[in-house]
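Computed from heavy atoms alone, side chains included, the values below leave out hydrogens, waters and symmetry copies.
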Amino acid sequence: METSLTDKDYKNFKQLLEYFVSYLEFLEATKGSSDTNKKVRELAKDVPLYNDEDPRKRKFEDFVNKHGEERVARSGQGYKGGLIQEGIKEWCDYNVNKICISANNVNKAATYFSKPSYLHWFGTTLNIDIETHGKDKDKTITKLKITLNKKDIGEEKSPKELGLFDGKDPNTTLKAFLDKYYSILKVVLKIEIKNLLKANHNVILTGAPGTGKTYLSKQIAKEIAGDDESRVGFVQFHPSYDYTDFVEGLRPVKTTDEEKNGGTIVFERKDGVFKKFCKEALSAPDHKFVFIIDEINRGELSKVFGELFFSIDPGYRGEDGRVNTQYQNLVEKGDEFAEGFYVPKNVYIIGTMNDIDRSVESMDFAMRRRFAFKEITPESRVDMWDEADFGKKDLIDMLKRMKRLNEAIDKVPGLGSAYHIGPSYFLKLKECSKEKLWDYYLKGLVFEYLRGMPDADKYLKDIKDAYDNNGNEKSEEDISD
C-alpha cells in the first residue's frame with residue numbers, strides 16, 4: 001500500500017492548522033458574549049487581537065465568506081459529525097483516514113484553550129494539542145504539539161515555524177510535522193491496546209465484522225511475549241466448550257494392562273488448556289505470557305470459567321487469587337497448584353468478540369467488570385490493506401465505499417457502529433470485482449442485519465446504492481498522486 005503523503009495532503013494540513021488556530025482564537029476571544037444572536041462578522045469586531053491585516057482574521061473571514069455564518073459552530077466534536085466537521089471536510093482526509101476538530105466549552109466561563117479543544121486522528125487518541133500565551137481574551141496560540149493518549153511525545157512547533165498564514169506553500173517543518181503525526185498513526189492502535197493490557201491484564205477487543213480483531217490480537221501477543229510461540233496460547237470458544245476443556249476435568253484414559261485385552265478405559269483428572277498455560281507461565285516468571293480467547297462470548301462463560309471469575313480479576317493476580325477448583329481433591333501432591341489454582345501475574349488475556357452475533361447471549365456483567373474493552377473500528381484497521389499492494393486510487397475508492405456503506409447502515413433504525421463492515425472484506429478485491437464483492441460477500445451479511453425488519457428490501461437497496469455511489473457524491477477522478 002502506498003502510504004506516502006502527497007502535496008495535496010500537506011496543503012490540506014496547512015489549511016486545517018490555519019483554520020484551527022484562527023477558529024480557536026476567535027472562539028476564545030468572543031466567548032461569553034452577552035448577545036448570543038450576534039453574527040460572526042459582528043463578533044469579529046470585538047476580537048482585540050484581530051486587525052484588518054491579521055492573517056488569522058483573513059483566514060477566518062475567508063472561511064465565513066465561503067461557508068456562511070451559520071457554518072461557524074461554537075462547539076462540537078468532529079468525530080460525531082455536525083457543522084464543526086462539515087466545515088473542514090475538504091481539508092481533513094489523509095489517504096485512508098481523517099483528522100477531526102474538537103472544540104469544547106461546556107460552560108461559558110470555561111476556556112477553549114484547554115485539553116478539550118484539539119485536533120485528533122479519527123478513532124485514536126493521537127491528538128494535536130495547543131499551548132497558549134497571554135491573559136483572558138488576549139490569549140494566543142504559541143505552540144502546536146503532538147500528544148498520544150494525552151501524553152506529550154516531545155513534538156511541538158510554533159505557528160510561525162510551521163509557516164502558518166504566510167501565504168506560501170507548506171514548508172519543510174510543516175511537512176515533517178505531518179509526517180511524524182502520520183507515522184504514529186500506523187502503530188497507535190497497538191500502542192493503546194498494549195498499554196491497556198499492561199494496566200488491566202485482561203482486554204477484550206470488540207467491534208464490527210471484518211476489523212481483523214483476531215489477527216490484531218496475535219500481532220500484539222507476539223510483540224508482548226516475544227518470538228517464543230510457547231508463550232502465546234490460543235483457544236476459540238463455542239457453545240459446547242466447557243470447564244473441563246478450559247480449566248480441568250475428568251478425562252477418559254486407556255490403561256496399558258495387557259491382561260485385560262489391551263487395557264481398559266478409566267477416568268483421570270487432566271488439566272485444561274488454560275491451566276496448562278498458567279503452569280508454563282510459572283516456569284518462566286521473568287517473561288510475559290499472553291492467552292488469546294477468540295470469540296469469547298460464544299461460550300457459556302459461567303460454565304467455562306467457574307470459580308476462575310475470581311482468580312482472573314486483575315486485582316487478584318498471583319497467589320492472592322488462589323482458589324480451590326472443582327477437582328482440587330484430585331490434584332496430585334507436588335503439582336504447581338496443589339494448594340489451589342491462581343493466574344500468575346505474568347499472564348495476560350486478550351479476548352475478541354462481536355457482540356451483535358444473534359446466536360450468542362450477551363456477556364455476563366461479572367465478566368465484563370474484569371475486562372477492559374476496546375472497540376476496534378473499521379477506520380482504525382485500514383492498515384491491513386498495507387500488504388495487499390493496492391494502488392493509491394484503489395485505496396481511496398475502497399475507503400469511500402466502506403465509508404458510504406457504513407453511513408448507510410447507520411441510517412437503518414436499530415443498527416449502528418457495531419454493524420459496520422470492516423476493511424478485511426475489501427481485501428477480496430484482489431481476487432474479485434466490486435460487483436462480486438457485493439453479490440457474494442456483503443449482500444448476505446447485510447441481509448442478515450435486516451432480517452425481519454419492516455422495509456428490509458428498501459434498506460438493502462439504499463445500502464447497495466451507497467456502496468455503488470448511486471446519488472451519494474460525485475466521482476473523484478482528479479485524485480492527486
ask   = Is the backbone of I421 close enough, under 3.5 Å, to the side chain of N406 for a donor and an acceptor to pair up by distance?
value = yes

ask   = So, do F20 and L24 sit near enough that their side-chain heavy atoms are less than 4.5 Å apart?
value = yes

message = My understanding is that only residues two or more places apart in sequence, or in another chain, count here; which of them pass ring pair (Phe, Tyr, Trp, His ring centres under 6.0 Å) with H287?
response = none

key: Heavy-atom side-chain proximity of L189 to I376 below 4.5 angstrom   = yes

request  = Mind listing the closest non-hydrogen atom pair of I409 and L415 along with its distance?
outcome  = O-CB, 3.6 Å

request  = Give a yes or no answer on whether the side chain of R322 reaches the backbone of G340 with a donor-acceptor pair at less than 3.5 Å.
outcome  = yes

task = Go through the side-chain N and O atoms of E192 and T125 and say whether any donor and acceptor fall under 3.5 Å apart.
result = yes

key: Contacts of Y316 that satisfy ring pair (Phe, Tyr, Trp, His ring centres under 6.0 Å) - sequence neighbours left out   = F310

inquiry  = Within this structure, what is the CD-CG distance for the pair E431 and L429, rounded to the nearest 0.5 Å?
reply    = 9.5 Å

key: Contacts of F277 that satisfy ring pair (Phe, Tyr, Trp, His ring centres under 6.0 Å) - sequence neighbours left out   = F289, F291

query = Can you name the closest pair of heavy atoms from G414 and Y419 and give their distance?
reply = O-CE1, 4.1 Å

ask   = Are any of the side-chain heavy atoms of D245 and V273 separated by less than 4.5 Å?
value = no

query = Side chains of D468 and R401: does their closest heavy-atom pair fall under 4.5 Å?
reply = yes

request  = Let me see the working for D394 and W385 under side chain to side chain contact (heavy atoms under 4.5 Å, CB included), right down to the final yes or no.
outcome  = CA-CA 11 Å; D394 289 332; W385 294 340; over 6 Å; no

request  = Carefully, step by step, assess R231 and D228 under the rule salt bridge (charged side-chain N to carboxylate O under 4.0 Å, His left out).
outcome  = CA-CA 6 Å; R231 296 178 196 150; D228 189 341; 3.8 Å; yes

task = Evaluate the side-chain proximity of L250 to T244: yes if any heavy-atom separation is below 4.5 Å, no if none is.
result = no

ask   = Is the W91-F13 ring centre distance short of 6.0 angstrom?
value = no

ask   = Counting N and O atoms only, with roles assigned by atom type, does the side chain of D152 sit under 3.5 Å from a partner on the main chain of G154, one being a donor and the other an acceptor?
value = yes

query = Which is it for N127 and I146 under the side chain to side chain contact (heavy atoms under 4.5 Å, CB included) test, yes or no, and what are the steps along the way?
reply = CA-CA 6 Å; N127 297 341; I146 301 173; over 6 Å; no

message = If we ignore hydrogens and angles and just use 3.5 Å, is the side chain of R381 paired with the main-chain N or O of T211 as donor and acceptor?
response = yes

query = Where do K98 and E379 land on the salt bridge (charged side-chain N to carboxylate O under 4.0 Å, His left out) test, with the steps shown first?
reply = CA-CA 9 Å; K98 67 179 180 179; E379 293 84 1; over 6 Å; no

Matching residue for Y342 among D320, L308, L282, I312 - test: side-chain contact (heavy atoms from CB on, under 4.5 Å) = L282

ask   = When you look at V235 and Y241, which way does the side chain to side chain contact (heavy atoms under 4.5 Å, CB included) test go after all the steps?
value = CA-CA 10 Å; V235 69; Y241 203 84; 3.2 Å; yes

message = Between D129 and K145 (salt bridge meaning N to carboxylate O under 4.0 Å), is one present in this structure?
response = no

key: Check: D9 side chain, N12 main-chain N or O, donor-acceptor pair, under 3.5 Å   = no

key: Side-chain H-bond candidate by donor/acceptor type, D271 with Y327, under 3.5 Å   = no

query = CG of N329 to CG of N324: how many Å apart, nearest 0.5 Å?
reply = 9.5 Å

message = If I compare all heavy atoms of P252 with all of F267, which pair ends up nearest, and what's the gap?
response = N-CD2, 3.7 Å

query = Do K279 and D335 meet the salt-bridge criterion of a basic N to acidic O distance under 4.0 Å?
reply = yes

Ring geometry between F309 and F305 (parallel below 30°, tilted from 30 to 60°, perpendicular above 60°) = tilted

inquiry  = Using modelled atom types and a 3.5 Å cut-off, is there a donor and acceptor pairing between side-chain atoms of S424 and backbone atoms of G210?
reply    = yes

inquiry  = Working note: K461 + D465, criterion salt bridge (charged side-chain N to carboxylate O under 4.0 Å, His left out); need CA distance, chi angles, decisive distance, verdict.
reply    = CA-CA 6 Å; K461 181 181 183 303; D465 285 344; 2.9 Å; yes

query = Closest heavy-atom contact between N297 and N354?
reply = ND2-O, 3.5 Å

request  = Not counting sequence neighbours, which residues clear salt bridge (charged side-chain N to carboxylate O under 4.0 Å, His left out) with E223? List them please.
outcome  = K190, K194

request  = Begin with the C-alpha distance, continue with both residues' side-chain angles, and end with the deciding distance and a verdict on salt bridge (charged side-chain N to carboxylate O under 4.0 Å, His left out) for D179 and K175.
outcome  = CA-CA 6 Å; D179 287 343; K175 289 181 179 180; over 6 Å; no

task = Applying side chain to side chain donor-acceptor pair (under 3.5 Å) between D294 and each of Q236, K218, K213, H238, report the one that passes.
result = Q236

query = Does a donor on one side chain and an acceptor on the other come within less than 3.5 Å for S380 and T377?
reply = yes

query = Can you tell me how far the CD1 atom of I99 sits from the CD1 atom of I128, to the nearest 0.5 Å?
reply = 6.0 Å

ask   = Does any N or O in the side chain of K430 come within less than 3.5 Å of the main-chain N or O of A388, such that one atom is a donor and the other an acceptor?
value = yes

key: Ring-face cation contact, F237 with R298, 6.0 Å cut, 45° max   = no

task = Go through Y449 and F447 one step at a time and tell me if the side chain to side chain contact (heavy atoms under 4.5 Å, CB included) criterion holds.
result = CA-CA 5 Å; Y449 288 173; F447 180 80; over 6 Å; no

ask   = If you look at every heavy atom in F371 and V203, which pair is closest and at what distance?
value = CD2-N, 3.6 Å

ask   = So, Y243 versus E307: side-chain donor-acceptor pair below 3.5 Å or not?
value = yes

note = Correct closest heavy-atom pair for I350 and S217 would be CG2-OG, 3.5 Å

ask   = Does a side-chain heavy-atom distance below 4.5 Å link T352 with T206?
value = no

request  = Please answer whether the main-chain N or O of S240 pairs with a side-chain N or O of E300 as donor and acceptor at a distance below 3.5 Å.
outcome  = no

task = Not counting sequence neighbours, which residues clear ring pair (Phe, Tyr, Trp, His ring centres under 6.0 Å) with Y348? List them please.
result = H201

request  = Check the side chains of N202 and R317 for a donor-acceptor pair under 3.5 angstrom, ignoring hydrogens and angles.
outcome  = yes

task = Kindly write out the residues that satisfy side-chain hydrogen bond (donor to acceptor under 3.5 Å, both in side chains) with D410, not counting sequence neighbours, or none if the list is empty.
result = H420

message = Does K275, at its NZ atom, have more than 12 non-hydrogen atoms belonging to other residues, nucleotides or ligands within less than 6.0 Å?
response = yes

query = Can you find a heavy atom in the side chain of S433 that is under 4.5 Å from one in the side chain of K436?
reply = yes

key: Donor-acceptor under 3.5 Å (R404 side chain, Y467 main chain)   = yes

message = Side chains of V331 and E248, heavy atoms from C-beta outward: is any pair under 4.5 Å?
response = yes

